[in-house]
Each structure stands twice: as structure tokens, then as C-alpha cells.
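What follows is a single structure, written as C-alpha cells, with notes after it.
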Amino acid sequence: MRAVTTPTPNGAADTLRLRLDIAYDGTDFHGWARQKDAPDGTPTRTVQGTLEDALSTILRAPAQLTVAGRTDAGVHATGQVAHLDVPRASLEQRFIDGRPGNLVRRLAKFLPEDVRVYKVTEAHPLFDARFAALERSYVYRVTTNPAGALPTRRADTAVWPKPVNIERMQAAADLVVGLHDYAAFCKPRPHATTVREVTQMRWVEASTRDEPDLYEAHVRADAFCWNMVRALVASCLQVGEGARDATWVGALLGERERCAEVRLAPARGLTLTGVSYPAEADYAERIRATRARRDEDEARRNRAPSGS
């Protein structure tokens with residue numbers, strides 16, 4: 001890719017915007033977002049903190065990542081995307097010809113085995129991993145087999161204690177597709193909208209000889225709020241085991257508060273598998289539309305009477 005000479009949004013003409021494609025096993029991380037140290041001073045291990053520390057060391061400049069989706073503690077990723085702005089001089093001084101792709105090999109030497117950056121490319125100055133994203137895709141793996149998960153897949157496969165019916169689960173999943181307020185399925189964040197557009201929630205019977213009674217939920221949306229995918233999955237599983245009716249799930253859409261009856265499926269079964277973006281020419285419009293819609297949804301939510 002040709003070097004982009006247009007100044008990045010922060011106004012620095014000598015700054016490059018880099019896109020990082022990332023994978024990690026979330027088992028031993030306290031989620032994506034950097035957090036404060038524990039009261040005893042022990043560092044809290046996060047994906048963002050681990051990556052930023054490695055990048056800062058290699059580039060000899062502060063690194064601050066913007067990510068497509070902040071995953072919860074224990075959640076994995078095979079298709080996470082982030083961006084950061086770095087001084088062009090840092091790349092030119094540290095790598096032959098300043099090629100961003102050379103960061104991949106260097107990062108592999110600095111990072112622990114449970115997180116990898118498998119691609120680094122120079123991005124358009126307006127590329128925004130978070131606000132330019134069109135959709136995020138997740139896969140949730142769960143087994144209902146009495147023996148539990150296959151040992152070699154225990155890190156990314158949850159266990160549900162009762163047998164389920166996939167047709168009932170799909171009936172519940174069909175109801176959550178569309179543009180809705182998912183507050184009943186989300187852990188609230190101050191001043192954050194819970195209106196999202198889910199474009200797909202599809203259950204697949206994924207059993208094999210080695211992994212019987214295995215199911216996968218494929219979920220895609222413009223964005224997800226905190227705990228949303230795990231709550232939707234658990235609700236479908238509750239319907240699948242016969243504890244709830246599918247209409248219960250549909251009735252929760254539009255509620256303005258977290259529903260105490262909605263359970264959370266275990267984090268280990270969830271993996272962020274991909275993030276899609278528009279063409280470069282459409283970045284600015286997508287970012288503008290995303291920000292405007294979030295502001296509009298939040299204003300509408302704040303105007304609505306409590307309990308509506």
C-alpha cells in the first residue's frame with residue numbers, strides 16, 4: 001500500500017495510522033480494556049495493556065489503541081481489530097523502510113503466547129476501528145454433553161447442564177433479530193445507549209464424533225453492549241431446555257432495565273470472529289452516521305418515561 005500523506009485526525013502530518021488484526025485466548029485476561037492495578041499493586045492483566053506495553057517498548061513511543069469491540073473477561077477473539085497512531089519516525093528508525101508489517105515479527109517476540117497480532121497495515125487516516133465498523137460477528141460454542149467439553153477445546157467451549165432443543169432456541173433467536181433496545185440483556189453503563197441492530201442470530205448443530213451435543217450460535221450486529229451476546233445466548237438456552245417460552249425473550253425487547261431473570265452464559269464459549277468495514281471512501285460518512293445514531297438513541301432513551 002502506498003504511504004498515506006494526508007494528516008491524521010489529530011493533525012500530525014508525520015503520524016501514521018496503523019490497523020492491527022488481533023487474536024487472543026481470553027482465559028487469563030481481565031477483558032480487553034486496560035484497568036487499574038489491584039489494591040495490593042498487582043497489575044491487572046488485560047489485552048489492551050499487554051499490547052500497548054509491547055508496542056510502546058518496540059516503538060519507543062506511547063501507544064494507545066482504539067478497538068472495534070471491548071471484550072469481557074474470559075472472552076476470546078480471532079478477528080479483533082484495533083488502530084493506533086504512531087510517529088512515522090518511530091517506524092523508520094526501528095524498522096527497515098518503516099514497513100508496518102515488520103511489527104508482526106517483533107511483536108511475536110514481546111507478546112505472551114495467548115495474544116497475537118497477525119497483521120499490521122497502514123490504514124487510511126480516517127479509519128476508525130470502533131466508529132467506522134459496520135458489523136461485529138461472534139460465535140458461541142456450547143456443549144450439553146454430560147461428560148463436558150472436549151479437553152482440547154475446554155478453553156473456548158462452554159458447558160450447559162441440561163439438554164436443549166435447537167428448534168426452540170432458534171425460535172427465540174429469530175425474535176431478537178432487528179433494531180431494538182436490548183437493555184434487558186445488557187449490563188448498564190452510564191450514559192451508554194443499549195439500542196442495537198442485530199442482523200443475525202443463527203443456531204447450528206455442530207456435533208462431531210469427538211464433540212457430541214455441541215451447538216454454535218452465530219451472532220452479528222452493528223455493535224453489542226456489555227454482556228449482551230452472553231445474555232442472548234443464555235436466554236435461548238433457557239428456552240431450549242424448556243425453562244422458558246420463546247415469547248418471554250421477545251417480551252424483553254424494549255425494556256429499559258436489565259432483567260434479573262436473564263442469565264449469562266459462561267464467558268469461555270464466546271469468540272469475536274470478525275469486524276467488517278466500508279470502503280475507504282465511505283469512512284467519514286460511516287463515522288458520522290454511527291456517532292449521530294448513538295447520540296440520537298441516547299437522547300430518545302433519556303426522554304422516554306421510566307417503565308415505558
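Residue indices begin at 1 and follow the sequence shown.
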Please check this pair: side chain of [X] against backbone of [Y], looking for a donor-acceptor N/O pair closer than 3.5 Å.
X: Gln80; Y: Gly69; result: yes
X: Arg154; Y: Pro151; result: yes
X: Gln170; Y: Trp203; result: yes
X: Thr44; Y: Lys36; result: yes
X: Arg196; Y: His180; result: no
X: Thr144; Y: Lys162; result: no
X: Ser90; Y: Val86; result: no
X: His76; Y: Gly26; result: yes
X: Arg244; Y: Val239; result: no
X: Asp245; Y: Trp248; result: no

Is a salt bridge present between [X] and [Y], judged by a nitrogen-to-oxygen distance below 4.0 Å?
X: Arg17; Y: Asp85; answer: yes
X: Glu216; Y: Arg202; answer: no
X: Glu122; Y: Arg19; answer: no
X: Asp114; Y: Arg45; answer: yes

Does the side chain of [X] reach to within under 4.5 Å of the side chain of [Y], using non-hydrogen atoms?
X: Val81; Y: Leu20; answer: no
X: Thr66; Y: Asp128; answer: yes
X: Ile58; Y: Leu103; answer: yes
X: Val176; Y: Val249; answer: yes
X: Asp37; Y: Thr42; answer: no
X: Val67; Y: Ile22; answer: no
X: Ser137; Y: Val275; answer: no
X: Tyr182; Y: Val198; answer: yes

Can you confirm whether [X] is buried at [atom1], in the sense that more than 12 heavy atoms of other residues, nucleotides or ligands lie under 6.0 Å from that atom?
X: Arg130; atom1: CZ; result: no
X: Arg286; atom1: CZ; result: yes
X: Gln64; atom1: CD; result: no
X: Glu113; atom1: CD; result: no

Search all heavy atoms of [X] against all heavy atoms of [Y] and return the closest pair with its distance.
X: Glu211; Y: Leu214; value: O-CB, 3.5 Å
X: Arg116; Y: Ala108; value: NH2-O, 3.7 Å
X: Val159; Y: Ala149; value: CG2-N, 3.8 Å
X: Thr46; Y: Phe29; value: C-CD2, 3.4 Å
X: Ala234; Y: Trp160; value: O-CH2, 4.2 Å
X: Leu84; Y: Ala63; value: CD1-CB, 3.8 Å

Should Leu55 and Leu107 be marked as a side-chain contact (heavy atoms from CB on, under 4.5 Å) after you check the CA-CA gap, both sets of side-chain angles, and the distance that decides it? CA-CA 7 Å; Leu55 285 163; Leu107 281 167; 3.9 Å; yes
Run Phe127 and Tyr277 through ring-ring contact (aromatic ring centres under 6.0 Å, His included) and show every step you take. CA-CA 9 Å; Phe127 174 76; Tyr277 294 93; 4.9 Å; yes
What distance separates Asp25 CG from Thr271 OG1, expressed to the nearest 0.5 Å?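 One finds 8.5 Å between CG of Asp25 and OG1 of Thr271.
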Kindly compute the distance separating CD (Glu205) from CD1 (Ile166), expressed to the nearest 0.5 Å. 6.0 Å
Please step through salt bridge (charged side-chain N to carboxylate O under 4.0 Å, His left out) for the pair Asp72 and Arg230, ending with a clear verdict. CA-CA 10 Å; Asp72 298 339; Arg230 292 166 59 198; 3.7 Å; yes
Any chain of hydrophobic side-chain contacts (each under 4.5 Å) joining [X] to [Y]?
X: Met169; Y: Leu253; result: yes
X: Val142; Y: Leu150; result: no
X: Val219; Y: Val177; result: yes
X: Leu134; Y: Val139; result: no

Between [Y] and [X], do the side chains contain a donor N or O and an acceptor N or O under 3.5 Å apart?
X: Arg141; Y: Thr157; result: yes
X: Thr208; Y: Asp210; result: no
X: Asn145; Y: Thr143; result: no

side-chain contact (heavy atoms from CB on, under 4.5 Å) between Val115 and Leu51, worked out: CA-CA 8 Å; Val115 57; Leu51 285 168; 4.1 Å; yes
So Arg34 and Glu52, side-chain contact (heavy atoms from CB on, under 4.5 Å) or not? Walk me through it. CA-CA 9 Å; Arg34 185 185 283 273; Glu52 287 181 346; 3.1 Å; yes
Going through the distances and angles, do Tyr215 and Val164 end up as a side-chain contact (heavy atoms from CB on, under 4.5 Å)? CA-CA 10 Å; Tyr215 303 91; Val164 294; 3.7 Å; yes
Knowing that exactly one of Asp174, Leu175, Val233, Val229 qualifies, which makes a side-chain contact (heavy atoms from CB on, under 4.5 Å) with Met201? Val233
Can you confirm if the aromatic rings of Phe224 and Tyr138 lie within a centre distance of less than 6.0 Å? yes
Could you label the plane-to-plane angle of the Trp32 and Tyr24 rings as parallel, tilted or perpendicular, counting under 30° as parallel and over 60° as perpendicular? tilted
